[in-house]
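Working notes, beginning with the structure itself.
Each chain gets a letter, A, B and so on, in the order the sequences are listed, and its residues count up from 1. This is a predicted model, so every value here is computed, not measured.
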Protein chains: 2
Amino acid sequence: MSIRVNRKPGDVYQHGDLRRALVKAGLKLLSESGEAGLSLRAAAELAGVSHAAPYRHFRDKHALVAAIAEEGFRLLTQHMREAAAACAPGDPLGRLRALAHGYVSFAVRHPAYFRTIFGGAVCPEGETPPAGLREAGAEAYRVLRDTVAEGIAAGALRPGDADQLSLAAWSLVHGLGMLIVEGQLPDTRSHPARVKAVTDGMVTLLEVGLRRVR
Amino acid sequence: MSIRVNRKPGDVYQHGDLRRALVKAGLKLLSESGEAGLSLRAAAELAGVSHAAPYRHFRDKHALVAAIAEEGFRLLTQHMREAAAACAPGDPLGRLRALAHGYVSFAVRHPAYFRTIFGGAVCPEGETPPAGLREAGAEAYRVLRDTVAEGIAAGALRPGDADQLSLAAWSLVHGLGMLIVEGQLPDTRSHPARVKAVTDGMVTLLEVGLRRVR
DNA sequence: ACCTGAACACCGTTCAAGT
DNA sequence: ACCTGAACACCGTTCAAGT
């Protein structure tokens with residue numbers, strides 16, 4: 001048996017890392033050409049392999065897209081965490097607001113990632129997304145839920161089921177992000193200031209609604 | 001000039017109605033095979049014409065999908081109206097709740113329509129959906145906004161900007177519908193009772209938040 | 001074990017040609 | 001004016017064959 005050590009100039013991935021290289025290529029394709037530009041063959045070409053090679057690592061295109069979406073979801077979670085980190089500790093309402101801004105601003109800044117994460121290409125229609133992607137989603141949800149629970153415990157939020165409040169908050173920012181990205185809110189499309197204002201207004205509404213009445 | 005009166009057995013559309021026949025074929029494909037089954041060629045075949053014929057009526061596939069989405073949006077609006085009609089007049093809060101249930105239940109019952117209406121296939125990425133689809137969206141929004149305005153005027157809802165409240169309500173139900181349809185809420189996927197319960201809880205939360213404090 | 005190249009069925013789009 | 005049929009470039013997927 002021989003292990004190839006020298007790679008040809010065209011090779012852009014390390015031996016054994018084709019899977020990772022394909023995911024990275026997919027993210028690049030999404031950034032540069034949008035969802036329409038994401039094809040299995042283009043990802044293979046970017047990774048420097050034949051169009052059939054990806055099938056060694058992914059059962060079908062859905063599986064590749066799901067892996068790309070999982071990576072995108074972790075970027076979204078990181079984006080939310082960073083937005084919240086700028087906030088003073090012990091201020092769950094401010095943290096909630098920061099998470100909301102982080103979520104919506106990620107959607108606006110990376111529309112192709114956002115669409116892919118929550119799009120139907122991730123698995124056959126009618127099926128549930130694969131475990132890795134669901135776990136990435138659960139991680140993002142946990143960040144939100146922890147903040148909501150903290151807010152309830154601190155008495156800043158109206159007492160209630162933390163999951164119900166969290167799901168409502170998620171639906172709110174997710175719906176807003178989707179409507180903006182899909183062009184249903186023409187005023188906000190590519191008007192960052194308008195996006196921020198609309199998000200702010202909506203978060204204020206959420207806060208007013210969820211705040212504990214004193 | 002001659003007008004063809006007799007159609008061959010394979011013809012399924014009236015002369016001059018190919019456009020309508022293609023939209024109808026598209027809706028059928030969506031219902032039966034989902035988004036993946038919606039192709040220009042399949043729609044043409046269902047309508048009984050060659051794969052090149054649609055280009056007489058639609059500039060490209062985006063234009064056909066947009067026309068199908070417009071029709072789907074009008075079905076969604078009708079679904080909302082019917083849900084609200086079962087409600088006592090002069091009860092804006094109940095009407096708002098009915099609209100929310102109508103919106104989410106349409107998403108669950110017609111996931112392929114819902115995905116297509118708000119999906120990226122409706123126009124090239126980065127562009128705004130065509131006028132017809134935007135008007136269909138504006139019509140649905142008006143139904144919601146009128147109810148919100150009525151609620152404010154009647155003193156049932158907290159005073160405020162009707163557009164801001166309406167956008168928040170739309171985002172909430174849209175986000176919930178999307179998360180369910182895309183399989184992000186595994187508990188609700190194909191569990192109608194659970195969907196109803198979750199929607200109900202969220203609408204209650206919305207009501208509590210928006211209700212005028214007495 | 002991992003990848004290649006040919007092959008297949010499908011797709012969107014264009015265009016000369018037919019009526 | 002409206003549609004057809006061939007053609008082109010692309011796609012996902014499979015499979016025998018190579019190392």
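- Using a 4.5 Å heavy-atom threshold, the side chains of A/Arg20 and A/Asp17 count as touching.
- Looking at A/Arg41 and A/Glu45, no side-chain N of the basic residue comes within less than 4.0 Å of a carboxylate O on the acidic one, giving no salt bridge.
- A/Arg145 pairs by the salt bridge (charged side-chain N to carboxylate O under 4.0 Å, His left out) definition with A/Asp163, not counting sequence neighbours.
- Proximity of residues 65-73 of chain A to DNA chain D (heavy atom under 4.0 angstrom from any strand atom) is not detected for any residue.
- Judged as a salt bridge (Lys or Arg N to Asp or Glu O under 4.0 Å), not a single pair has a partner in residues 102-113 of chain B (not counting sequence neighbours).
- Every residue meeting the side chain to side chain contact (heavy atoms under 4.5 Å, CB included) condition with B/Thr116, not counting sequence neighbours, appears here in chain and number order: B/Leu30, B/Glu35, B/Val65, B/Ala69.
- Of the residues in residues 22-31 of chain B, not one places a heavy atom less than 4.0 Å from an atom of DNA chain D.
- Judged by distance alone, the side chains of B/Thr204 and B/Arg97 do bring a donor and an acceptor atom under 3.5 Å apart.
- B/Arg81 pairs by the salt bridge (charged side-chain N to carboxylate O under 4.0 Å, His left out) definition with B/Glu139, not counting sequence neighbours.
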Which pairs, protein N/O on one side and nucleotides 11-13 of chain C N/O on the other, fall under 3.5 Å?
{"residue": "C/dC11", "atom": "OP1", "partner": "B/Ser39", "partner atom": "OG", "Å": "3.2"}
{"residue": "C/dG12", "atom": "OP1", "partner": "B/Leu40", "partner atom": "N", "Å": "2.9"}
{"residue": "C/dG12", "atom": "OP1", "partner": "B/Lys61", "partner atom": "NZ", "Å": "3.2"}
{"residue": "C/dG12", "atom": "OP2", "partner": "B/Leu40", "partner atom": "N", "Å": "3.2"}
{"residue": "C/dG12", "atom": "OP2", "partner": "B/Arg41", "partner atom": "N", "Å": "3.2"}
{"residue": "C/dG12", "atom": "N7", "partner": "B/Arg41", "partner atom": "NH1", "Å": "2.5"}
{"residue": "C/dG12", "atom": "O6", "partner": "B/Arg41", "partner atom": "NH1", "Å": "2.8"}
{"residue": "C/dT13", "atom": "OP2", "partner": "B/Tyr55", "partner atom": "OH", "Å": "2.9"}
{"residue": "C/dT13", "atom": "OP2", "partner": "B/Lys61", "partner atom": "N", "Å": "2.9"}
{"residue": "C/dT13", "atom": "O5'", "partner": "B/Tyr55", "partner atom": "OH", "Å": "3.2"}
{"residue": "C/dT13", "atom": "O4", "partner": "B/Arg41", "partner atom": "NH1", "Å": "3.3"}
{"residue": "C/dT13", "atom": "O4", "partner": "B/His51", "partner atom": "NE2", "Å": "3.4"}

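- Checked against salt bridge (charged side-chain N to carboxylate O under 4.0 Å, His left out), B/Glu150 has no partners two or more places apart in sequence or in another chain.
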For Watson-Crick and G-U wobble pairs within 3.5 Å on both distances, what is DNA chain D written in dot-bracket notation, | included for inter-strand pairing? ||.|||||...|||||.||
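- Residues that satisfy the ring pair (Phe, Tyr, Trp, His ring centres under 6.0 Å) test with A/Phe118, not counting sequence neighbours, are A/Phe73, A/Phe114, A/His174.
- Residues passing the salt bridge (charged side-chain N to carboxylate O under 4.0 Å, His left out) test with A/Glu71, sequence neighbours excluded: none.
- Among pairs with a residue in residues 49-60 of chain A, none fulfils salt bridge (Lys or Arg N to Asp or Glu O under 4.0 Å), at least two apart in sequence or across chains.
- Using a 3.5 Å distance cut-off with no hydrogens or angles, the side chains of A/Thr199 and A/Tyr103 do not pair a donor with an acceptor.
- In this structure, B/Glu45 places its CD atom 17 Å from P of D/dC3, rounding to the nearest Å.
- As a whole-Å value, the separation of B/Arg56 CZ from D/dG5 C1' is 14 Å.
- Distance CZ (B/Arg19) to P (D/dA1): 18 Å, rounded to an integer number of Å.
- Proximity of a side-chain donor or acceptor of B/Arg95 to a complementary backbone N or O of B/Cys87 within less than 3.5 Å is not detected.
- Taking 4.0 angstrom as the limit, B/His57 places a side-chain polar atom (N or O) nearer than this to OP1 or OP2 of D/dC3.
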